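A quick write-up on the structure given underneath.
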2 protein chains.
Amino acid sequence: MTYQAVLAVLADPTRRQVFERLRDGPQPVKLIAAGLPVSRPAVSQHLKVLKDVGLVEERSEGTRRFYSVRREGLAELRDWLDSFWDDALLAFKIEAERSHRRAKGRKRDE
Amino acid sequence: MTYQAVLAVLADPTRRQVFERLRDGPQPVKLIAAGLPVSRPAVSQHLKVLKDVGLVEERSEGTRRFYSVRREGLAELRDWLDSFWDDALLAFKIEAERSHRRAKGRKRDE
DNA sequence: GCTTACCGTAAGTTATGACTTACCAAGCTG
DNA sequence: CAGCTTGGTAAGTCATAACTTACGGTAAGC
């Protein structure tokens, strides 16, 4: 998904909380909603948005649905941010342009 | 500034346009506003928000004010994104955890 | 000094989207 | 099968924030 969409989706505080909660591993909706200051339907709506933009994925298990982080959903935004570092055009204020390229050691997901 | 604030600020499409325009180097408000679909005061308001969050800086030159990108304003958000890659807790779905730390070669701004 | 360019701020309007409650569907459990 | 759990969706409410126009203030130009 475009970095623009990802930015818009992650901008909301409670939606970001939902997302960050999934760092602890896949979780059913009920569990995610517990501890958050909003109702369960609200969490469902946030999860839908997160899923539509590719930031989470869903796996059904009986009546429960486990959501988990899709790291690749963040890739485009990360690349956009990185582009500000090897952006030659920003050399206006930087005395000497360091000619490093993108960082190594980080495997590209997409 | 916190990555949360930066996310919220960059979420708005026209504000992001304002920000990206500054990639071409420092520009006065009038010039930034030209070509954007909103009024000049609107651009001023966006610039204020961008400045408050540390994403741009301002330099006065006569009656004009040149705005430019502050790369460091993006640092915290970039680090947050990176943290999803060396996040050990995300090892749920990843078969083998690659134990790389933060990428080298990218000088930290803050 | 008067006018003109540049820009920030105030005030008011409006659309968007983040909530809520209510409802419905689907699966385990007895 | 009846009842309970889980969770998605609909509809409606409400606050926020992104705009607009109007105004004021400062620096340059004549």
Side-chain angles (χ1 to χ4, degrees), chain A residues 1-22 24-70 73, chain B residues 1-22 24-70 73:
Chain A
M1 202 56 56
T2 68
Y3 69 91
Q4 350 228 355
V6 173
L7 276 172
V9 164
L10 289 179
D12 183 75
T14 63
R15 186 157 48 222
R16 196 173 43 243
Q17 276 188 271
V18 169
F19 184 62
E20 297 213 50
R21 225 149 217 276
L22 297 179
D24 302 335
Q27 292 177 31
V29 179
K30 183 100 177 291
L31 185 58
I32 302 171
L36 289 186
V38 293
S39 68
R40 188 204 37 85
V43 173
S44 268
Q45 288 161 4
H46 283 308
L47 285 167
K48 174 171 176 41
V49 175
L50 286 166
K51 186 182 172 190
D52 285 347
V53 86
L55 284 175
V56 303
E57 59 191 359
E58 175 208 327
R59 167 177 49 95
S60 282
E61 192 161 313
T63 170
R64 285 179 301 178
R65 307 200 185 175
F66 286 81
Y67 284 86
S68 52
V69 169
R70 269 192 79 247
Chain B
M1 201 56 55
T2 67
Y3 70 91
Q4 351 229 353
V6 173
L7 276 172
V9 164
L10 290 179
D12 183 75
T14 64
R15 186 157 48 222
R16 196 172 44 243
Q17 276 188 270
V18 169
F19 184 62
E20 296 213 50
R21 228 150 214 276
L22 297 179
D24 303 336
Q27 292 178 31
V29 179
K30 182 101 177 289
L31 186 57
I32 301 171
L36 288 185
V38 294
S39 68
R40 186 202 42 81
V43 173
S44 268
Q45 289 161 4
H46 283 308
L47 285 168
K48 173 171 176 41
V49 175
L50 286 166
K51 186 183 173 190
D52 285 346
V53 86
L55 284 175
V56 303
E57 58 190 1
E58 176 207 327
R59 165 177 50 94
S60 282
E61 191 161 313
T63 170
R64 286 180 300 178
R65 307 201 184 173
F66 286 80
Y67 285 85
S68 52
V69 169
R70 269 192 79 246

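Chain letters run A, B, ... following the sequence lines, proteins first and then strands; every chain starts at 1. For clarity, every value in this text was computed on a predicted model and none was experimentally measured.
- The CD atom of E20(B) sits 9.0 Å away from atom CG of L10(B), with the distance rounded to the nearest 0.5 Å.
- Along DNA chain C, the nucleotide nearest Y67(B) and the nucleotide nearest V49(A) are compared for position; the residue whose nucleotide lies closer to the 5' end is Y67(B).
- For the pair E58(B) and R65(B), the tightest heavy-atom approach, listed with the atom from each and the gap, is OE2-CD, 3.3 Å.
- For P28(A), counting side-chain heavy atoms from C-beta on, the closest listed nucleotide (dG7(D), dC19(C), dA18(D)) is dG7(D).
- The nearest pair of heavy atoms linking Q17(A) to P37(A) is OE1-CD, 4.4 Å.
- For the residue pair L55(A) and F19(A), the shortest heavy atom distance occurs at O-CE1, 3.3 Å.
- Using N1 to N3 plus N6-O4 or O6-N4 for Watson-Crick, or N1-O2 and O6-N3 for G-U wobble, each under 3.5 Å, dC19(D) pairs with dG12(C).
- Between T14(A) and L36(A), every side-chain heavy-atom pair lies at or beyond the 4.5 Å cut-off.
- For DNA chain C, the neighbouring residues in residues 39-48 of chain B, judged by any heavy atom under 4.0 Å, are R40(B), P41(B), S44(B), Q45(B), K48(B).
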Check the interface with nucleotides 25-29 of chain C: list each N/O to N/O pair with the protein under 3.5 Å, or write none.
none

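- Put simply, CG on L36(A) is 13 Å from P on dG7(D), counting in whole angstrom units.
- Taking atom NZ on K51(B) and atom P on dT9(C), their separation rounds to 9 Å, with Å as the unit.
- Per the geometry, CZ belonging to F66(B) stands 12 Å off P belonging to dG8(C), to the nearest Å.
- Pairing each heavy atom of F66(A) with each of P28(A), the nearest pair is CE2-CD, 3.5 Å.
- For the pair L47(A) and I32(A), the minimum side-chain heavy-atom distance is below 4.5 Å.
- Listed pair R64(B) / dC7(C) fails the phosphate criterion, with no side-chain N or O lying under 4.0 Å from OP1 or OP2.
- Rounded to whole angstrom, the span from the CZ atom of R59(B) across to the P atom of dG8(C) amounts to 14 Å.
- Checked against side chain to side chain contact (heavy atoms under 4.5 Å, CB included), V49(A) has the following partners two or more places apart in sequence or in another chain: V9(A), R15(A).
- With a 3.5 Å ceiling on both atom-pair distances, the Watson-Crick or G-U wobble partner of dT13(D) is dA18(C).
- Atoms CG (L31(B)) and P (dA5(C)) sit 17 Å apart, rounded to a whole Å.
- Note: CG (D12(A)) to P (dG17(C)) measures 11 Å, nearest angstrom.
- A donor atom on one side chain and an acceptor atom on the other are found under 3.5 Å apart for R16(B) and Q4(A).
- Put simply, CD1 on I32(B) is 13 Å from P on dC6(C), counting in whole angstrom units.
- For the pair R65(A) CZ and dT6(D) P, the interatomic distance rounds to 14 Å; values are reported in whole Å.
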